[in-house]
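Accompanying notes for the structure given below.
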Amino acid sequence: MNILDALLGTTNVAFFYMILMWVLFNSLRLSQRNNNLHFKHKPTFFASITVLFNGVMSVMNVASVFYDYSYTTNGVIGYNSVSLSLTWVLATLVSYYSMKKILGESKRFPLVLILWWVFAFIIDIISLSLKLVKISESMNLVDVVSLPVLLLLCINAVPNVCTREQSEIEQRLLEEEFESSTLGGENDKEAFTRASIWSLLTFTWLNPIFETGRVQKLRHVHVPYIPHCETAAIASSMLEESIHKQKVKGGSLAKAIILPIWKSLAFNAVLAGVNTIASYIGPLLISNFVSFLLSNNDNSSNQYGLIIATILFLSKTVESVTQRQWYFGAQRIGIRVRAGLTSQVYSKSLMVNCGGPTDGNVTNLINVDIERVGDFFNYIHGLWLIPLQTILALAILCINLGWIPSLAAFFVTTLVMVCNTPLATMQKGFNSKIMDATDARMKMTSETMKNMRILKLHSWELTFMQKLLQLRDTEMNWVLKYFHASSAVATLFWTTPTLVSVITFGACILVKTELTAPTVLSALATFRILQEPIYNMPELISMITQTKLSVHRIHKLIQVEDQNQSSNRHAFESSTISIEIKPAEYAWEANDHTTTKRSTITITITKPFMINKGQKVAVCGSVGSGKSSLLLSMLGEIPLVSGEAAQVYGTRSYVPQSPWIQSGTVRENILFGKKMDKFLYENVLDGCALQQDIKIWSPCGDLTDVEERGINLSGGQKQRIQLARAVYNDSDIYFLDDPFSAVDAHTGSHLFKECLLKLLSDKTVVYATHQMEFLEAADVILVMKDGQIVESGSYRDLIACPNSKLVQLMMAHNETLKQIPSQEDNDSVSCGSRPNPKILIKTPEENIQKITMDGKKTREEEAMNGRVKWSVYSTFVTLAYKGALVPIILLCQVLFQAMQMGSSYWISWATEQRGRVNNGRLIGIFALLSGGSSIFMLGRTVLMTIVSTETARHLYHGMTKSVFRAPISFFDNTPSSRILSRSSTDQTRADTDIPYRLAGLVFALIQLFCVIVLMSQAAWQVLLLFFVVFSISIWYQAYYTTTARELARMVGIQKTPILHHFTESIAGATTIRCFNQEKIFLTKAMSLIDDYSRVAFHNCATMEWLSVRINFLFNLVFYFVLVILVSLPKSSTNPSLAGLIATYGLSLNVLQAWVIWNLCNVENKMISIERILQFSNIPSEAPIVIEDCRPAPEWPSEGKIELHNLHIQYNPAAPMVLKGVTCVFQGHNKIGIVGRTGSGKSTLVHALFRVVEPIEGRIMIDGLNISKIGLHDLRSRLGIIPQEPTLFLGTVRTNLDPLEEQTDEQLWEVLRKCHLAEIVNQDPRLLDAPVAENGENWSVGQRQLVCLARLLLKKRRILVLDEATASIDTETDSLIQKTIREETSGCTVITVAHRIPTVIDNDMVLVLNEGRILEYDNPARLLRDQSSSFSKLVSEFSRRSSQFQS
């Protein structure tokens, strides 16, 4: 009968695990589905009856078990009875689950349940039959009642019994209900604030978001809001108030950060204290428990042991709950502090002047410094917890071992902490060096990514990539040193318990303190806990120093005094004065030569003068004379050195010389936060010549999406959009910095007449210009030279003085006009040249939101779906030495763990009986085993350092090379912030975090496996218990991961818009301040911060949700193991082994929490590797070099260019830009390309350099198809001055000759030819004079001259000048054109220009309109044809300029 009982029991257990495995697999299946719910069937009443009958069977069988235990004589329960009861309970739960989740899709209950019901029915029939045959056996009531119930349950094998088809109406209503429920209601949005205490303790308030994440891919709209007190607005206002209070008291930023959150910190401190005390109850009571196990009285009651086990279980439960609340509270504080600091940094960045932070600085402040300050609150309580933990540990040692061994332990602990201190100091120093190296790398990365087009046109990308990789190598050298220091700390951490235990037990032997198994095991448990404060001390010191450095860096920005703009923002007064300029001196600060303007560029006002309302004031002068600086001084953007600041009365609008365009739509850029006034909007579009562009941008029109920095717009389009933004603002005073330089003659004339003279007729306008033809209309002209106003007055007064500077400028202008043949007055204009009549914007209002949302979706970063693929893990693990060192590292960990356990078992066994081994052998073998484990630990840490460094190097090199080889279209469609986030945040994680997280997970799993094997030695049934717990844990993990994975991805994605908004705002800070839009931009920034915070908040909470549940399960396992140890007969257990099991069981929940935490973190962090690898596989442009088709060294010798049926399209969805262009540029000729803005001039240049490949047609240079050769061979043989002049961070020398191929004499020669030698000589450092990021310490005109100098240095046969002198005055332009003619006499020169004199003397002129050739002929012949487009263009320019002839 016992055999039959065992057989049936085993079958029941088999069904139990089959049902459990079905639950797990079904949960995984549901979690991996993308919301493909089908409401086809509806459960019938019989399905409910089925669940009820399962419940009846469960109750009857459980009651039968209790009855047998209570009323049988021996109190022994049959194996079959227990397994049967457990299986029926599980079957009941699964049947209910199936009715709710499965029957909506399937026609019946799961097959495994049906098989169980049939099996139980057959067994019940056989049992009843046998009992009927044997009359002597009494009938069992449960068997009798079960028969009809099981018969009904077996009917479920028939399909369609439990379900019926849904009607179409029911199905549609259910789908609508589901859709509405997944979007979450108000209750879900306030789930945290409305949660009960129990819900807060167990994190059940997160259940709705988990349910949403289970049935569909989680999106940002599904994530509830954060508590109101943690929003960026509240956090920022409280921090700002605190900073103000500390300024008054003379306090620090650190105190200002602490003050608003002290209550939360205090509550967190209480949780940390309770957690610490609870964690030490285990080591305190373990000696009592082991003593109980060692007692030889077999008849003694188990009550004492059960009480200890229960206390240990409760203490572990309290420890787990408080730890979860403590950690979550620290994360909440960190999120709040980050939100406040980020808002303050952004607000301050908008307030400071042009010497404010750069893009690279802000990226590091947000990604590194503010992040670190937020993380510090995870460590802050260590300041008092470490001493408390040390005191508690020594007190337990004192109770068990006495004072002298405790003092020895204290001495060794102190010594280890002291040894850790220099290591922490080294880590601090290395970390500081890493931050500096990262700053330098990120600054160059930021600049390089923004100017990748320029680098590729010059074929410099490989050179700049090598420079970037050199900076990376410097950074990695410091990272390697940091790793070595960290390896020493890790080795010390893991060997500390060994060292302390050897010294302590040695002291016990010296003072003849008796070592018993209970005291030894209690001491070992204490040493293991003492490990934490020893390790945390140097980490805390390191974190304090790093945080102090970060706070200092943040404080440097926050403490900067705001721009003093009160004098520039007086309310509009009733007087006739708009601007009052008083004697003063303005100078750019020169404290930091790498980021600010040069101190030699100053504005000196010697005489006061007034600008009245409605006046038009023109500012002119040569390149670098201070025109832009004068406008900025009026705006209050340049620091005042002496005198009184300029007073501006009224609202202002500003148009900078370098266009600043936001990401968004064209309409959003023009409205700039103001409400739509259709009448004004139409007039502005017409006045700014944007109607034709809107027609080209169809079907979206002005809702066309604008990419980062307006890279998908031409220079003229960007200039006119920002001019439209200023005009639509309807301000009192306008400051326009060279607004006509980037547009053609017809468009410039239209802008001047329709916009400046008509739309702004009653406004005060101050405009800087190089176009002399626009001066006479001005009421006042200011002539600048060397930063001073040398002349001022009306045009007639100044032109009447023959020696005036204006006359010199006009003479140069007249010289250029003489090059243009006289034209008869012709009012007609060329097709497509003059702006079209008004095109009414009639986009239906209902379509506006859709188009805008579509545009936003295209700008959103693409996120990967589902789990992080195993290929990502395998790639990451095998990057270093193809994974050869990984098995060796794992072997070191296994041997370390085995020797650790072996040493513990040895000393436990040796002290179990007095005199079993002598003291020398006891300590000797213990020290030998412990020392061996330390050696393996050292090997593991050293190998981990090697693998981590090599892996980080491969990851960065792979991503960098892929990005640098990407086509220009990739940079056009990818905001630089996405690349920067991968190069900073993701790469930092890959460098120092992820390798140790992944390794820590594997190491913790090895430890956990060893502990489980150890526990199974007491009773093999423990393995079954662990199997059940692991099964439930895997189910929880799968349920958790579907939501947590998407939240982790959103954390990375939501950080990018913040960086993008910050860098974009800093670039346009002057415009934002001038338009008084700081509040709007700050509100948007706070909204983006809140979007990030809500994701980060719930990402942290979900991890605690999982941990609190898994913690409880493993605490329960530990309790069951203790109960088993208590219940087993003393004679059947090894006391030493049982004590060791109990000792290691104390750390089971910590170990399990470490496994779960690492498991969750690894997948979340591995998303960074996924993102890096995503950018490591970018489709590259054409090969750099094609060995089989390399041109001759002297190619191109003639410079003949043939265009055959050229069709160009930037992407398949975009319109065709060039449409069948066919022409020949003869060698040694000068070809001018003219046409309206957006006609395809720059695209033709891009096609020549293969920035964009032709859809159809080809380009031949000297008979060679350029599509057949490598890009480096092509681009390095051509020369270009791009449309937007760009300088790089460095020196004058590195900007002129990045490849370091020229001598100083050659550099000075070209500087003289480009009229830059005098400017460079002003700085004593000469060629080594610093150039700021983006060339901010040079004017736009000077930057164009530097670009020209680069071109002349290259000495190429084919040169392209893409509006090379647009921002240069006429006098300098004439000299430059003369230089170009002299230096390029034997070259083919293609000139894209808006100035007619620039191309009038060319051999050929190509006129483009809407991507097609209108005319291509000699300029003289075109001028003779009065109907030609070029003739009309020249006529317009002549007519516009003739009025200035004296």
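Side-chain contact between Y1040 and M1103 is present, with at least one heavy-atom pair separated by less than 4.5 Å. Contact check for M1086 versus T231: no side-chain heavy atoms found under the 4.5 Å cut-off. Residues L1113 and V1117 have side chains not in contact (no heavy-atom distance under 4.5 Å, counting atoms from C-beta outward). Y1119 is not listed as a side-chain neighbour of L312, based on a closest heavy-atom distance of 4.5 Å or more. Taking the side chain as every heavy atom from C-beta outward, F376 and V337 never approach each other to under 4.5 Å. Between Q344 and S236 there is a side-chain heavy-atom pair separated by less than 4.5 Å. Counting heavy atoms from C-beta on, the side chains of I370 and V345 come closer than 4.5 Å. Side-chain atoms of F377 and I258, non-hydrogen and from C-beta on, do get closer than 4.5 Å to each other.
Annotation: F1112, atom CZ; neighbour count of heavy atoms from other residues, nucleotides and ligands within 6.0 Å does not exceed 12. Environment of CZ in F430: crowded, with over 12 heavy atoms of neighbouring residues, nucleotides or ligands closer than 6.0 Å. Heavy-atom contacts from other residues, nucleotides or ligands closer than 6.0 Å to CG of L383 number more than 12.
R336 and E230 are not joined by a salt bridge, as no carboxylate oxygen comes within less than 4.0 angstrom of a charged side-chain nitrogen.
Closest approach of T1043 to I209, counting heavy atoms only: OG1-O, 3.7 Å. Of all heavy-atom pairs spanning I335 and A1096, the tightest one is CD1-C, 3.8 Å. Looking at every heavy atom in both residues, D1090 comes nearest to A232 through OD1-N, 2.7 Å. Nearest heavy atom pair, residue Q1054 against residue I1058, reads O-CG1, 3.7 Å. A pairwise comparison of heavy atoms in A1048 and I1167 identifies CB-CD1, 3.6 Å as the closest pair. The nearest pair of heavy atoms linking A330 to N378 is CB-OD1, 3.2 Å.
In this structure, W205 and F203 have tilted ring planes: the angle between them lies in the 30° to 60° band. Using cut-offs of 30° and 60° on the angle between ring planes, the pair Y346 and F1062 is tilted.
Interatomic distance, CD1 of I226 versus CG of D1091, reported as 9.5 Å (0.5 Å rounding). For the atom pair CD1 of I257 and CG of L341, the computed distance is 4.5 Å after rounding to the nearest 0.5 Å. For the atom pair OH of Y1039 and CD1 of I1032, the computed distance is 15.5 Å after rounding to the nearest 0.5 Å. One distance of note links OG of S343 with CD1 of I234; it measures 11.0 Å at 0.5 Å rounding. To the nearest 0.5 angstrom, L271 atom CG is 8.5 Å from N275 atom CG. With values rounded to the nearest 0.5 angstrom, S1107 atom OG is found 5.5 Å from E1104 atom CD.
Judged purely by atom type and a 3.5 angstrom limit, T342 has no side-chain atom pairing as donor or acceptor with the backbone of A339. A donor-acceptor distance shorter than 3.5 angstrom exists from the side chain of Q325 to the backbone of L200, with no hydrogens or angles considered. Of the possible donor and acceptor atoms, one in the side chain of S237 sits under 3.5 Å from a partner among the backbone N and O of A233. Judged by distance alone, the side chain of H381 and the main-chain N or O of G273 form no donor-acceptor pair under 3.5 Å. With hydrogens and angles ignored, the 3.5 Å screen pairs no side-chain donor or acceptor of H552 with any backbone N or O of K548. For R982 (side chain) and R1171 (main-chain N/O), a donor-acceptor pair under 3.5 Å exists by modelled atom type. Listed for the R989 side chain is no donor-acceptor partner under 3.5 Å among the backbone atoms of M1166. Not one N or O on the side chain of N1099 forms a donor-acceptor pair closer than 3.5 Å with the backbone of V1095. In this structure, the side chain of Y280 engages the main chain of Q389 through a donor-acceptor pair within 3.5 Å. Remark: side-chain polar atoms of S1087 are not paired, donor with acceptor, to backbone N or O of T1083 under 3.5 angstrom.
Checked against the 6.0 Å centroid criterion, the rings of W1105 and F328 do not qualify as a close aromatic pair.
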Candidate pair H1098 and V1051, rule side chain to side chain contact (heavy atoms under 4.5 Å, CB included), full reasoning: CA-CA 10 Å; H1098 289 88; V1051 168; over 6 Å; no
